[in-house]
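Proteins come first, then strands; the chains are lettered A, B, ... in the order of their sequence lines, and each starts at number 1.
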Amino acid sequence: MVRVRFAPSPTGYLHIGGARTALFNWLYARHCGGRMILRIEDTDAARNSQEAIEVILQGLRWLGIDWDEGPVSADPAGASRGDFGPYFQSQRRGNYQERVEALLSRDLAYEKDGAIRFRMTREPVVMDDLVVGQVTRELTDREAEDPDFVIVRSDGHPVFHFVNVVDDLDMGITHVIRGEDHLSNTAKHIQLFKAFGVQPPRYAHIPLILNSDGSKMSKRDTGASLSTYLEEGFLPEAVTNYLCLLGWSPKDDREKLSVSEVVERFDLAQVLRHNARFDMAKLQWLNGEYLRELPAEKFFAEAVRAFARAGTDTNQWPLEYVRAALTTCLGKVKLFSELPAYAGFYFTEELSLDPAALRGDFTPDNKPRIQQLRDQFARLAEFKAEALEATLKSVAKSCGVKNGVLVHPTRLACTGATAGPSLYHLIEVLGKDRVLRRLDAALATA
RNA sequence: GACCCUAUCGUCUAGCGGUUAGGACACCGCCCUUUCACGGCGGCGGCCGGGGUUCGAAUCCCCGUAGGGUCGCCA
């Protein structure tokens, strides 16, 4: 039975690379019919908090990554699922203590300066990585001087290398899938496993995600935190899909795949060995693809949230009006965060019109025509898109101008922008009163 | 300083000894369209460099170079 784990340290945010690591673990578990374990490496008490753990749980859930074993909530003392708990390292002190003593009693570790150090081999360690292949790790010059390393600090706290290995051993982890930044240290981990007299798990080191300029992605970089995508109004399906395409490929030229399709095809052997740069433009494109096929109800709910985040409470408007307004935006934007700028004109009575732009469209020649259109609109009994379109076209015809001559100024007057939803539909939604008022205002200003 | 990994269009990638080096994003045209977006058509653009091996290398080997990672009483 394949058992994989994602073992994040609660630092207050979930790195996009960490999310990808979790995803690949999950994909492999689901592909193999194995088990996904979530373990919280909260040994650094000073830096950890329940909120920080919550960020991780929330991020994983958002992406659709579930775990068969691990915490149910962010509370270390709370309930968990699985027979290999606790799943918080802060609750596993006893195990570490036992393991340390086992090594000490066999002289595989020793005390020095109050710390406990592991007797590391001086021989090159051969690793057989599922992604990278066979790697022979030799000692660096610094290590050659003193190959042993600390496993328990002088303050009594065991270090990462040690607890990580002990937990993987005790939890029966069969495959360690993690970032390539751990490759060099894997030699230590393998030796630790051997010291405990067991076969190390299989390792798979996946490439890292870099910034678009090729530099390392650190906390500060935009897009480094998964929460960014949550807040910016990305769809989790799109983010997951995109992450799958970084370092892995279905090899059949398909870009848009559902998770179940990826689960079916995913395997570690096809994971690339080189790092990948994060391409926000491609993610946005994918997001647009998913956005376009979103059911109207979901689109509506997310759109309302996007407006709320931007400080516009759409609830102050009649529900039917909001619905109609947002419907004209369906399939037009790639991100929910674009919506407030794209369709904000629906939800304000004070449209700020750029005088310069206004002068361009509302020329002395054109103003009488727009005035005429305005008066025709005023006479309409039915303020519907079809009637509006017919009206505009007939006015244009009688004036001997192309539709665009009237379309552009009308759009500008009604929305303040040169691009937006379908003109006739947005006018219909806005309603006669607003449209006439906006047309009058533009006519007066220009 | 040492050790490890990596190297195909700007980016993500297909390719695993014989291909006009394919696709996607981005970009640029044209078409569609009242705007924008979508869609359609087309274009731009790549095997890091140098040696080998081979009848034949993007594919295999070596050396450079470049990028990334690691060498902590951080995780």
Side-chain angles (χ1 to χ4, degrees), chain A residues 7-11 18 41-44 47-48 89 112-117 124-125 127 129 131-133 135-147 149-161 163-164 179-188 205 207-210 212-216 242 245-256 272-286 288-289 291-292 329-334 338 342 388-389 392-393 396 402-408 410-412 415 417-426:
Chain A
S9 180
T11 55
E41 306 218 335
D42 57 344
T43 48
D44 190 347
R47 211 159 70 175
N48 294 318
Q89 287 188 331
K112 184 186 178 190
D113 297 331
I116 297 171
R117 297 161 57 89
V125 176
M127 316 178 253
D129 194 278
V131 170
V132 187
V135 176
T136 303
R137 167 67 153 82
E138 290 180 35
L139 260 33
T140 67
D141 56 355
R142 260 190 264 274
E143 290 167 335
E145 288 174 25
D146 180 9
F149 59 93
V150 170
I151 53 174
V152 181
R153 291 192 284 257
S154 52
D155 65 3
H157 288 90
V159 306
F160 162 77
H161 296 302
V163 296
N164 194 263
E180 198 210 68
D181 49 339
H182 288 290
L183 184 58
S184 290
N185 283 325
T186 301
K188 292 177 181 169
H205 287 90
L208 270 20
I209 297 178
L210 271 26
S212 56
D213 66 357
S215 62
K216 185 185 181 181
Y242 179 70
L245 262 22
L246 246 34
W248 178 84
S249 155
K251 300 189 190 299
D252 61 359
D253 288 345
R254 290 188 59 198
E255 307 284 336
K256 187 161 172 284
L272 273 314
R273 284 167 289 279
H274 61 267
N275 297 341
R277 300 181 186 205
F278 198 90
D279 185 359
M280 191 62 83
K282 185 154 184 176
L283 204 211
Q284 291 192 358
W285 164 75
L286 252 182
E289 294 291 304
L291 203 54
R292 206 166 302 116
C329 304
L330 241 165
K332 297 286 194 172
V333 293
K334 286 182 177 163
E338 295 172 27
Y342 188 80
L388 291 159
E389 178 172 1
L392 184 140
K393 285 181 175 172
K402 290 201 277 189
N403 298 337
V405 174
L406 295 178
V407 165
H408 297 291
T410 305
R411 170 182 296 282
L412 187 64
T415 72
T418 54
S422 162
L423 180 65
Y424 308 115
H425 291 92
L426 77 85

Taking only N and O in the side chain of A:Asn164, is any of them less than 4.0 Å away from OP1 or OP2 of B:A75?
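No, A:Asn164 has no side-chain N/O under 4.0 Å of OP1/OP2 on B:A75.
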
Residue-phosphate contact under 4.0 Å: A:Lys251 side-chain N/O, B:A14 OP1/OP2:
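Yes, A:Lys251 has a side-chain N/O under 4.0 Å of OP1/OP2 on B:A14.
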
Does any donor-acceptor pair link the side chain of A:Arg411 with the base of B:U35 at a separation under 3.5 Å?
yes

Using side-chain heavy atoms (C-beta onward) and a distance below 4.5 Å, is A:Met127 in contact with A:Asp129?
no

Pairwise side-chain contact, A:Val131 with A:His205, heavy-atom cut-off 4.5 Å (strictly under)
no

Whole-Å distance, A:Phe149 CZ to B:C73 P, equals 11 Å

Identity of whatever pairs with B:U34 - Watson-Crick or G-U, under 3.5 angstrom:
none

Select base, sugar-phosphate, or nothing to describe what [X] touches, counting heavy atoms under 4.0 Å on all strands.
{"X": "A:Thr418", "value": "sugar-phosphate"}
{"X": "A:Arg277", "value": "sugar-phosphate"}
{"X": "A:Leu283", "value": "nothing"}

Specify the residue among A:Ala7 and A:Asp252 whose closest nucleotide of RNA chain B lies further upstream toward the 5′ end.
A:Asp252

With nearest nucleotide decided by heavy atoms, which residue, A:Leu245 or A:Gly114, maps closer to the 5′ end of RNA chain B?
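In this pair, the answer is A:Leu245.
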
Using a 4.0 Å heavy-atom cut-off to protein, can you give one letter per nucleotide of nucleotides 38-47 of chain B, 5' to 3': B if the base is in contact, S if only the sugar-phosphate is, - if neither?
SS--------

Footprint string (nucleotides 3-8 of chain B, 5' to 3'): B base within contact, S backbone only, - free, heavy atoms under 4.0 Å
SSSSS-

Which whole number of Å gives the distance between the [atom1] atom of [N] and that of [M]?
{"N": "B:G15", "M": "B:A7", "atom1": "C1'", "result": "15 Å"}
{"N": "B:G46", "M": "B:G40", "atom1": "P", "result": "26 Å"}
{"N": "B:U11", "M": "B:G68", "atom1": "P", "result": "14 Å"}
{"N": "B:U20", "M": "B:A26", "atom1": "P", "result": "30 Å"}
{"N": "B:C27", "M": "B:U34", "atom1": "P", "result": "24 Å"}

For A:His408, enumerate each residue passing the side chain to side chain contact (heavy atoms under 4.5 Å, CB included) test, keeping only those at least two apart in sequence or located in another chain.
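With sequence neighbours excluded, A:His408 shows a side chain to side chain contact (heavy atoms under 4.5 Å, CB included) to A:Asp361, given in chain and number order.
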
